[in-house]
Structures are given as C-alpha cells and as structure tokens.
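Below: one structure in structure tokens.
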Amino acid sequence: MPTFNEQVYEILEHIPEGRVVSYGDIAKWLLNPRGARVVGWAMARCPEGLPWHRVVRSNGDIVCEGITELRRERLIAEAVPFLPDGRVDIAQCRWVAPPGIDKRF
DNA sequence: GGACTGACCAACC
DNA sequence: AGGTTGGCCAGTC
C-alpha cells in the first residue's frame, strides 16, 4: 500500500503539460479537502523529476519565496497563462482530474 | 514514542 | 470582510 505522498507524486506525473492544479485539489482527490497540507508537505521534499511547479495555491498564487521565480519561468516555458498580478491563471489551466482518479491507486 | 512542524484550505467566528 | 482554528500525513527532534 503506497503512502499518501507516493500517490501525490503519482498524480503529479499525470498532470499534462500546460496545466496546473492546486494543493487542495489533489487532497480532495486523494483523501479529503483538508489534506492539502500533506500535499504541501510532500511538495516540500519534491523528489527529482517531479513537476512540482504545476502545483499552485487554490487562488492561483505561488507562495514560497525563493522558488517562485523558478516556477514562473518553468510555467511560462510550458505555455501556462499568467495573470497581470503574477499569479497563475488557474481559472483557465486548472487541470480537471478524470473521474475515479482516487480509485486508480 | 509523544510532540512539533510543514510549499495549504475552508469553515467559523 | 478579515483573522483564527482545525484537520490531514510523514518526517524530525
């Protein structure tokens, strides 16, 4: 039985290019709406080769200072639209998970 | 082995 | 309308 963050990494691998998801979304698919913190914890130790830059906050903002610029550059490189205030246009590129994604693991 | 912590979110005052 | 609080998992002290 894989641990929770293993499943988080699994989902991250499934995020298509040019799309983003919020921490809370992943949490909702995997356990419950309040598990977003765990997702953030999993991201904090981002294993290499993981597209962690496609995970943003629910309002599209990017929190962590220091990696914000890196994220922005990576997302722009993947044709992810940005809002004038520096946030990801999550309203347009929010990735909708296929139904039953939580049962796939 | 218990307590605190963390790249969060939403429900409640 | 804005600050506070509770809740989840795993890792560290």
Side-chain angles (χ1 to χ4, degrees):
Chain A
M1 184 132 164
T3 58
F4 177 78
N5 48 16
E6 292 288 335
Q7 299 181 4
V8 172
Y9 304 147
E10 195 78 30
I11 284 191
L12 249 67
E13 297 276 356
H14 291 184
I15 299 177
E17 217 174 274
R19 296 286 164 141
V20 296
V21 287
S22 66
Y23 297 90
D25 283 341
I26 300 178
K28 269 186 266 187
W29 304 331
L30 260 47
L31 21 117
N32 60 65
R34 308 236 169 148
R37 201 171 180 183
V38 196
V39 180
W41 175 87
M43 294 291 107
R45 276 148 194 89
C46 49
E48 298 183 17
L50 199 63
W52 49 268
H53 51 276
R54 294 183 193 150
V55 183
V56 295
R57 281 174 64 143
S58 61
N59 61 340
D61 204 351
I62 308 176
V63 216
C64 18
E65 226 171 289
I67 65 176
T68 308
E69 316 237 342
L70 178 60
R71 264 214 257 204
R72 202 162 42 205
E73 289 191 16
R74 281 200 183 188
L75 290 171
I76 289 173
E78 295 192 1
V80 174
F82 269 78
L83 294 173
D85 49 6
R87 303 186 308 174
V88 178
D89 194 351
I90 197 170
Q92 289 191 27
C93 8
R94 183 177 195 172
W95 178 54
V96 286
I101 189 170
D102 52 337
K103 307 186 178 182
R104 221 197 297 192
F105 304 112

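Chain identifiers are assigned alphabetically (A, B, ...) following the order of the sequence lines, protein sequences preceding nucleic acid strands; residue numbering begins at 1 within each chain. All figures in this text were calculated on a predicted structure; none of them were measured in a lab.
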P atom, dC4(B) versus dT5(C): distance in rounded Å?
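Roughly 15 Å separates the two P atoms.
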
Leu75(A) CG to Phe82(A) CZ distance, which is reported to the nearest 0.5 Å
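So the CG of Leu75(A) and the CZ of Phe82(A) are separated by 4.5 Å.
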
Sugar-phosphate atoms are those with a prime plus P, OP1 and OP2; base atoms are the rest. Using that split, label each nucleotide of nucleotides 2-10 of chain C B, S or - for protein heavy atoms under 4.0 Å, 5' to 3'.
----BBBBB

Can you pull the contact range of chain A along DNA chain B, 5' to 3', using atoms under 4.0 angstrom from its heavy atoms?
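Boundary nucleotides touching chain A, in 5' to 3' order, are dG6(B) to dA11(B).
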
Let me confirm one number: the CZ-CD distance from Arg19(A) to Gln92(A), rounded to the nearest 0.5 Å.
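With rounding to 0.5 Å, CZ (Arg19(A)) is 9.5 Å from CD (Gln92(A)).
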
How many angstroms lie between atom CG of Asn59(A) and atom CD1 of Ile90(A), to the nearest 0.5 angstrom?
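That separation rounds to 8.0 Å.
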
Derivation of the side-chain contact (heavy atoms from CB on, under 4.5 Å) call for Val8(A) and Trp41(A)
CA-CA 10 Å; Val8(A) 172; Trp41(A) 175 87; over 6 Å; no

Under 4.0 Å, heavy atoms only, any strand: does Ile67(A) hit a base, just the sugar-phosphate, or nothing?
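Counting heavy atoms under 4.0 Å across all strands, the contact made by Ile67(A) includes a base.
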
Just to be sure I understand the geometry, which residues of residues 42-54 of chain A put a non-hydrogen atom under 4.0 Å away from DNA chain C?
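Hits under 4.0 Å, by residue number: none.
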
Go through the steps for Trp95(A) and Val20(A) under the test side-chain contact (heavy atoms from CB on, under 4.5 Å), then give the verdict.
CA-CA 6 Å; Trp95(A) 178 54; Val20(A) 296; over 6 Å; no

Report the residue from Glu78(A), Arg71(A), Glu73(A), Arg72(A) that forms a side chain to side chain donor-acceptor pair (under 3.5 Å) with His53(A).
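So the option named by the test is Glu78(A).
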
Can you tell whether the side chains of Arg94(A) and Asp25(A) come within less than 4.0 Å, N to carboxylate O?
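Judged by the 4.0 Å cut-off on N to carboxylate O distance, Arg94(A) and Asp25(A) do form a salt bridge.
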
List the steps, then state whether side-chain contact (heavy atoms from CB on, under 4.5 Å) holds for Tyr23(A) with Arg57(A).
CA-CA 6 Å; Tyr23(A) 297 90; Arg57(A) 281 174 64 143; 4.2 Å; yes

If I take atom CG from residue Leu12(A) and atom CD from residue Gln7(A), how far apart are they, to the nearest 0.5 angstrom?
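That separation rounds to 13.0 Å.
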
Please report the C-alpha distance between Ile67(A) and Trp52(A) in whole Å, then the side-chain angles of each, then the deciding distance to 0.1 Å, and finally whether the side-chain contact (heavy atoms from CB on, under 4.5 Å) criterion is met.
CA-CA 11 Å; Ile67(A) 65 176; Trp52(A) 49 268; 4.0 Å; yes

